[in-house]
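Residue numbering restarts at 1 for every chain, and letters A, B, ... go by the order of the sequence lines. These numbers were taken from a predicted model, which means no experiment stands behind them.
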There are 2 protein chains.
Amino acid sequence: MSPLQYGFTDDGRRFTIDSPTAMPHASAFLWNRRMMLQATCRGFASAQFMQPEPAKYAHAPTLEARSFMQPEQPVYAHHPGRFCYVKDEDDGTLFSLPHEPVRAPADAFAFEAGVDTIAWRIEHDGLAFEWRLALPVDDVAELWTLRVRNRSKRTRRLSLYPYFPVGYMSWMNQSATWREDLGGIVCSSITPYQKVEDYFVQRDFMDRTVLLHANAPDAWDARQFAFEGEGGLHAPAGIADAVLLGRRDADYEMPTAVLQYRVVLADGDAHEERFVFGPARDDAQIQALRSKYLVPGAFEAAAAAYAEYLAAARGCIDIHTPDPWLDAFANHWLPRQVYYHGDVNRLTTDPQTRNLLQDHMGMAYLQPATARAAFLRALSQQASSGAMPDGILLVDGAQLKYINQVPHTDHCVWLPVFLQAYLDETGDDALLDVPVTDSQGHVASVAARVDKAMHWLLSARDARGLGYIAQGDWCDPMNMVGYKGRGVSGWLTLATAHALRLWAGIRARHAGIAAADAFVQGARDCNDAANAHLWDGDWYARGITDDDVAFGVRGDTEGRIYLNPQSWAMLSGAADPARRAQLLAAVESQLVSPHGVAMLDPPYTAMREDVGRLTQKFPGSAENGSIYNHAAAFYLHALYAVGDADRAWRVLRAMLPGPDANDLLQRGQLPVFVPNYYRGDWRGHPRTAGRSSQLFNTGTAAWLYRCLIEGLFGLRGEGDALRIAPQLPSHWSQASALRRFRGADVELQVRRVPGLPAMRVRADGQWLDTPLLRGIVAGGRHRVDVEVPG
Amino acid sequence: MSPLQYGFTDDGRRFTIDSPTAMPHASAFLWNRRMMLQATCRGFASAQFMQPEPAKYAHAPTLEARSFMQPEQPVYAHHPGRFCYVKDEDDGTLFSLPHEPVRAPADAFAFEAGVDTIAWRIEHDGLAFEWRLALPVDDVAELWTLRVRNRSKRTRRLSLYPYFPVGYMSWMNQSATWREDLGGIVCSSITPYQKVEDYFVQRDFMDRTVLLHANAPDAWDARQFAFEGEGGLHAPAGIADAVLLGRRDADYEMPTAVLQYRVVLADGDAHEERFVFGPARDDAQIQALRSKYLVPGAFEAAAAAYAEYLAAARGCIDIHTPDPWLDAFANHWLPRQVYYHGDVNRLTTDPQTRNLLQDHMGMAYLQPATARAAFLRALSQQASSGAMPDGILLVDGAQLKYINQVPHTDHCVWLPVFLQAYLDETGDDALLDVPVTDSQGHVASVAARVDKAMHWLLSARDARGLGYIAQGDWCDPMNMVGYKGRGVSGWLTLATAHALRLWAGIRARHAGIAAADAFVQGARDCNDAANAHLWDGDWYARGITDDDVAFGVRGDTEGRIYLNPQSWAMLSGAADPARRAQLLAAVESQLVSPHGVAMLDPPYTAMREDVGRLTQKFPGSAENGSIYNHAAAFYLHALYAVGDADRAWRVLRAMLPGPDANDLLQRGQLPVFVPNYYRGDWRGHPRTAGRSSQLFNTGTAAWLYRCLIEGLFGLRGEGDALRIAPQLPSHWSQASALRRFRGADVELQVRRVPGLPAMRVRADGQWLDTPLLRGIVAGGRHRVDVEVPG
C-alpha cells in the first residue's frame, strides 16, 4: 500500500485523507440551525433534526432506540449512509461512491472535511467523480451534488444510481412511492402508539422522508429488499439483474430511495446531478423544498448563505505558530465547534445546566449577545433555594430527560465560571444588574441571583465544610457516592472555592469589597476543609462516600488518583506551592499517558458499589481511565493559571490528533474537532488506547478555545484593558496572532529573545510597565510586540 | 426453478419447506419457561428472555429500542442470526448454513419447523449438513447441534465456522474474549446510565453473552468488524484471508462469536459439534451451563425433558378430518401456541387484562389449574369500583407499560367470557365461591367480584345506555373516539350485553334466578340501546364520538362497516333473525376477502381526528383493513353460536396458510401458528394482501382452539355433561376426534348420512334423546357416533 496522504489545505478550511480503509471511522460533521449530520469517509452518515426533540429521517434497518448522540456507534453494511452505485453499461463493472456498499478499491480517493461542505473525490478507471454535501442555514435538507467527468480517452456509457437508504421508519406503517408530480421518491411512515395528548404535539411532525432530484431519472426503486434481492447491498439484484431499476413501490415494507441515470459521456465530457434529501410533513413542504433548492443557482445561493452564517461567528483570534495544524485548527475548526455548541445547544431541548453554561462560556468569544441570552435564560430557571436545576429547558414543553433526572449538586459552580470569562471578554458589567424573573414570578438581579446560588453552594456542605455530591457532580461519573445524603465530593468542594473566589472578585468590583466578604470567607473555608480532610499526602482525594470512605487516595488500588481535584485545587488556591509541586508530580507520574492526561488511574476493573456508575464502566470506557478531554482542559486551564507553559503545551497538543501519521491512525479521527475523549488505559489496552470517541459534543471545545486565547496567547480582557501574557512553549521561537477584542483588532507578535531577563511588552510602539493594553475602542487597531526570555 | 416442496411430516409434528428464497420470512418459534426464539428459514433469529422484563442476548448492530415483539420486523444482512460458514480447504469454496450470510445456492435445502426443534438439512457438493436448535425447559440457553456427513466419494478437508453474531450490546462498554477455562467466547457489556434505584434491580442481570462448545476449536474470533474486514459478511476477510481465524478479542468494540473447526472427512465419515449460546451473569453461571449441557448425553436429556414439558399440556382433542393440514395444526400446533400464551403469558410482566383472560380461556382446555390461578390473580387486581385494570402485573415491581397506560373500558367483559369457557370445560363451579383479596386487603368471593365488575360495566354507560369507550376498547384501535368522556363504543355495548348474559346464566345456576335478574335486565337494556342507537339499517355502527358522530355507518366512505359489532350482536342476542340475515349479508359482501374476513372496510386512507389511532394507520397496517384474526375468530365463534357451519368453515380455514402453494407463498408463513393478522385491503394492495404478520402473540389462538373444540366438533361441557353438536362443513362426509374431557376419553365419529332428517347421536351404543353425554368420570372411555344429514 502506498503511504497515507492526508493534511489540511493551505487555507486550513479543508482536511483531506486519501484512504477509506486506513481510518474507517474518520468523520466530519456539518450542522445548521435545525439539524446535524456526521459522515464517515466510507459514506455512512448519522443525521438528526429537531422537531422539537431530536428526530431522524434516515434510519437503521431495525427499531432504533432514541438516545443522545452515541459515541463510537458502530457502522455496518445497512447503517444509514449516502451512496451512489456506478455501473459501466459496456462491461458491467459495478462500484459505489464513496466506498460503501460495494467497497471496490478506487484508483484515487479523497475524503475532504470542509468547514462548510463534506466532499469525496474518487477516480475509477478514468472516471473522476465528486460527491458533495452542503446544508442550507435554516431548512432540514441535505444538498447533494454528483459530478462525473470522463477522462478515459473513450466514450463511456454509464448508469449512475444515487442510493439513499431510508431504513425502518415505523413498525406501524411505512411505504414509499415515486411521485412524478413532486419529482422524487416520497417515503411515508406513521408514528406508532400515540397517546391522545401526544397526538396534538406530533401531528405536524415531518414524518416523511424524501429524495428529490433536479433532473428526472430514467428509473427508480423504492423497495429496499427487492432492490437488494439475493445479491445483497454489495451487488444488488436491482442493478445486476436488469437494465433498468424495477420502479417498485414499498407497501408496508422497508422503504429506500434509489434513482438511475443513464448517461453517455464522450472523452472529456462531464455530467452533474443535484439532489435534496430530508424530511417533510406533506406535499406542500416537499414542493417548497423543490422550489427553493432545485432551481438553477439555488445550491450556490444556499452555499453563500451558509458562508455568511459561519462568518457571523468567526473566531476572535487568528494565530500563526510553528505548528500549522494547530493554526488551522485554532483559526477555523475550534471556533466552528464552539459555535456549533453555542448556536444550536448540541441540538437538545434540555442541555445540562453545566453544559449550557460552559458552551456559552465559549460562545462569549464569538457571539457575546447569544451567550448573554443563554445565561439569563439559565438563571431564570433558578429555584427559590438558589439551586440551579439539572438541565435548562429551551423550548415550551421540553422535559428533563436521561441524566437530567438524576440529582447533581455542581450546577451553581458554573455561573461565576461563565461570568468571569464573559465579563473579561465583553466588559459588560451591566449584566449584573439585569433583573431576572423566575418561574414563580420572583424578580431579582443577576448579582442577587448569583449571590443566592453561592450561598446555596455554601449551605450544601456537611459539618466538615465539604460539598455534598448527592447522585453526581460535573460529568456525572458517580451516582452512588452520596445518594444516601452524606457523601461529599472533593472536586466539588474545591470547585466551590474556585467559584466563590471568582464571584468575590466580580462582586467586589461591582458593589465593593464588603459585598464579597462572605464569598472570600466561604472560599477560604472550602479550601481549608479540603486541605484538612481531602489532602492525601501527595494529592487531593476525589471524595468521601456516604459511609465515610475516602476514595481517589493512595490506599486505593483502582481509581487511586483523579485529575479534577488536582486541577481545581490549583485554581481555587487550596494547594500552596509545596502541595502544588507534589500534586503535579503525582499527575505527571500517574496520569500522563502517551495519548494525553487520563481522568483517573488506575482504571477500575470492577464495580465499586460505594462509587457507582463510573466504576461499573470497565476499563477503557468513557470516563473510566480515558483521556477525558474536558477534564484535561480544566487541567490545561489550571496550568496556564499557574504559569506552567511547557507542561500546558504538552497537554494542549495531545488533545488534537496528528500531524504524525501513527498518531492520526491510532486515534482514528481527523483533526477537525476535539472529541469528548480518547480511550485511555494505555498499559492495559495498548491496541485501542488513544482511539477517539468521534463525539464532537463536549465542553472541551469552549475550554480549549479559552485556553488558546487567554493561556497560550495570553490575551485576556481585564476591566477595560487587554492583559498581555503569552505563554508559548519554550521550543517556539516566535508566534503571532490577530486578536479581535471589543471591536478592535490587536496584532500580536511574540518573539523569544535569548538573554532577556523577563518578558516585556510594547504596545503601539510604547514599552509598557504593566502588560495591559488600554484605550481599546471599537474599530481601533493595535500592534503589540512581546519579547520573552529565550 | 423446481417447484416448491413443502408439507407436514406424517405425524404432523414437523413442517418442512425446501427453499430459503421462496418464503424468505417463513419462520418457526420455540420457547421455554424463560425465553422465546423465532428463526427464519434463512437463519435470522429474534430471541428474548425475561429478567424479569424482556431482554436480549443477541442484538442488532445498532442501539435497539426496547419494545414488545415487533410484527413484520425487517431482517437485513447484520440482523441477529445463527449461522455456520463452511470452507472447502482444498478449493477455497465458501458457503454458509443455513443460507445467510453467503447466500450460496444449496444442492438441497430443508427448513424444518418442529414442535420441539428447529432444524435445517442442507446439501452442498456431496456434503450433507444438519443445523439444529433445541431449548431446555428452564434455562435461557440455545442448544445447537452441527452435523456433517461426507457423501462425496472423496476425502474432504473442511473448515467449519459456527458464527453467532452478538451485535451492539451497550454503548457504555462492551468487549469479548476467548476464555479457555470456560470453553468458549464470553461477551461482556455494561448497562448504561443506571439510576441508583435501578442498579439494585439490575446488578444481577445476565449481561454477558456466551458461546460455549463441547470440543475446543482450532481457532476463534471475537471482534465483529475485524472478522468481516473489507470482505463483508458474505465473504469475511477473517475466513478468506487466512488459514486460521485471527483469535482477536473485542475491546470496547462490537463483539461476535465465531469458532473454527478444521476437519478431514473420508467418504462416509460424519462429524458432530455441539454448542450452547445464551446469556449469563458470571463465570459461575457459565460453568454451570457447561456442566449441565456440554457433557455426554446432556442434549438428549434436555430433549426428553422438553418433550415432557410439551406433553404436560397436550391438547384436549385429536382430530381426523378430510383436511390433513387442519389435523396437523389442530393436534399439535394450535394447542402448542395456546400453551405458549398460557404458560409464559407472552413473556411479558404486565399482560393486558383482556389478553390474559382470553389466553387463559385457551389454557382452560390444556391446564385448567393454570387458567384458574391466572383468573384469580387478575381478579385480585380489581379496583374497588369493580373496574379491572388495563394490565395484570405478574411479578413484583412490574409496571403498566405502553398501551396499558391508556385508559380502556372493556376489561370487565372478559371475566364472564373466561368463566363460561372455564366452567364448561371443568365443571369447577366451586371457583365462584373462592375468596379473593385485593390490594387494599378487601376480601370478596369470585362471584361477588364479578357481580361488581358487571355493575361497573352497567354504570359506565351514557344516558342512552351505550358504553363509554374512553381511550380505547378491545384491541386498542381507537384512542380519540371518547377521550373527552362522551364517546361510546358500539362493540362494547354489545359485548357488555353478551358478558351480562353469560354471567346471568352462570349466576342463576350458582345462586338462583333472582341473583341473575339485574344482569338479564342489563343485557336487555344494552341490546335495546344498541338497536335504538347503533343499528344503521343493514348493520351495527362501531360507535359514536365525543361530538356525537356515529361511525362505521353507511354514510362513511372509509371504515363504513366493522366486523366486531356484527359478531357480538349475534352473540349478545341484539340481532333478531332478520337483522342477523342483513348483517351477515353485509359482512359477506363488504368484509369477506380472498384471504379472510377483514376487520373493517374500506380501509382508512387518512387520519380521522375523531377516531384516532386506528385511522392513522394507513391502509394495510395492523388493524386497519387487515384480516385481523382475533376479530375473525369472534366472528367464527358467533357463526358457530348461530349454527352457520359452512360460513364458519370458510372463516376458519382462511385463518391458516395453505395447503395451496400460492396461498402459502402469498402469506409467506408456515402453517405452524396462527398469526395476529394477515394484511388486508386486497383491492388496493393486491401484491401484499394476505401477507402474514409473522407474529404468534395473539388471542386468536385461544378462540380458534375453542371454536375447533366447541364449534366445529361441537364437544362442549355443559354442567356435568358433554354436549354433542358437531358442525362439519357440508362438503365433509365424515370426521372423527378423540376428546379428553374431565379425565375421560371420548371417541367421536361423525358421518354424513344422505337423507337423514336430523342429526342423531349414539353414545356408547345408545341413541340419545338429548345430545348430552353423561356419566363422565375420570379414567372413563366413551364412544360417540353422530350421524348428520348429508
Side-chain angles (χ1 to χ4, degrees), chain A residues 21 24 60-67 70-79 103 168 171-173 175 188 190-191 193-196 199 203 224-225 230 232-234 251-254 402-403 405-406 471 476 479-480 483 607 609 612-613 616-618 620-622 624 679 685 687-688 691, chain B residues 21 24 60-67 70-79 103 168 171-173 175 188 190-191 193-196 199 203 224-225 230 232-234 251-254 402-403 405-406 471 476 479-480 483 607 609 612-613 616-618 620-622 624 679 685 687-688 691:
Chain A
T21 55
T62 189
L63 191 67
E64 288 175 290
R66 288 188 179 217
S67 175
Q70 290 302 313
E72 293 176 85
Q73 54 187 333
V75 289
Y76 51 94
H78 279 83
H79 189 282
R103 303 184 175 180
Y168 193 44
W171 61 263
M172 185 169 278
N173 207 353
S175 60
S188 300
I190 297 297
T191 308
Y193 277 150
Q194 297 183 68
K195 294 183 182 175
V196 169
Y199 170 75
R203 66 176 160 185
Q224 178 74 37
F225 295 113
E230 289 292 305
L233 276 183
H234 60 286
D251 178 15
Y252 204 20
E253 293 157 314
M254 201 160 86
Y402 305 121
I403 205 74
Q405 297 174 342
V406 177
Q471 292 187 27
D476 346 296
N479 63 341
M480 290 166 77
Y483 75 96
M607 176 73 174
E609 292 202 344
R613 207 170 66 77
Q616 72 170 316
K617 302 180 185 179
F618 285 176
S621 133
N624 184 359
R679 295 197 61 208
H685 296 264
R687 177 173 64 82
T688 49
R691 192 178 282 183
Chain B
T21 55
T62 191
L63 191 67
E64 287 174 291
R66 287 187 180 218
S67 175
Q70 290 302 313
E72 294 176 87
Q73 54 188 332
V75 290
Y76 49 94
H78 279 83
H79 189 281
R103 302 185 175 180
Y168 192 44
W171 61 263
M172 185 170 276
N173 208 352
S175 60
S188 299
I190 296 297
T191 307
Y193 276 148
Q194 297 182 69
K195 294 182 182 175
V196 168
Y199 170 74
R203 66 177 160 185
Q224 178 72 38
F225 295 113
E230 289 292 305
L233 277 183
H234 60 286
D251 178 14
Y252 204 20
E253 293 155 317
M254 200 160 86
Y402 307 120
I403 204 73
Q405 297 174 343
V406 176
Q471 292 186 27
D476 345 296
N479 63 343
M480 290 166 77
Y483 74 96
M607 176 73 173
E609 292 203 343
R613 207 170 68 75
Q616 71 170 315
K617 301 180 185 177
F618 284 177
S621 132
N624 184 0
R679 294 197 62 208
H685 296 266
R687 177 173 64 83
T688 49
R691 194 178 281 182

**Student:** With B:E230, which residues qualify under side-chain contact (heavy atoms from CB on, under 4.5 Å), at least two apart?
**Tutor:**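 Partners of B:E230 by the side-chain contact (heavy atoms from CB on, under 4.5 Å) criterion, ordered by chain and then number, come out as A:T21, A:R42, A:H99, A:R103.
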**Student:** Using non-hydrogen atoms and a 4.5 Å limit, figure out which bit of A:A77 sits close to chain B: side chain, backbone, both or neither.
**Tutor:**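 It is both, since atoms from each part get that close.
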**Student:** Between B:T62 and B:Y168, what is the shortest heavy-atom contact and its length?
**Tutor:**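 Shortest heavy-atom contact: C-CD2, 3.4 Å.
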**Student:** Hey, are the side chains of B:R613 and A:M172 touching, using non-hydrogen atoms and a 4.5 Å cut-off?
**Tutor:**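 Yes, at least one pair of side-chain atoms sits under 4.5 Å.
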**Student:** According to side chain to side chain donor-acceptor pair (under 3.5 Å), who are the partners of A:T688, at least two apart in sequence or on a separate chain?
**Tutor:**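 A:R679, B:D251.
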**Student:** Less than 4.5 Å apart, side chain to side chain, heavy atoms only: is that true for A:M607 and B:R203?
**Tutor:**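 Side chain of A:M607 against side chain of B:R203, heavy atoms only: no contact under 4.5 Å found.
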**Student:** Where does B:Y76 contact chain A at under 4.5 Å (heavy atoms): side chain, backbone, both or neither?
**Tutor:**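 Both backbone and side chain.
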**Student:** Measuring heavy-atom distances to chain A, does B:V196 have an atom under 4.5 Å in its side chain, in its backbone, in both, or in neither?
**Tutor:**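 Both parts, backbone and side chain.
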**Student:** Under 4.5 Å, counting heavy-atom pairs only, tell me which of A:Q405, A:M254, A:Q224 racks up the most with chain B.
**Tutor:**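 Of A:Q405, A:M254, A:Q224, A:Q405 has the most heavy-atom pairs under 4.5 Å with chain B.
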**Student:** Tell me, for B:Q471 versus chain A, whether the close heavy atoms (under 4.5 Å) come from the side chain, the backbone, both or neither.
**Tutor:**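 For B:Q471, side-chain heavy atoms alone lie under 4.5 Å from chain A.
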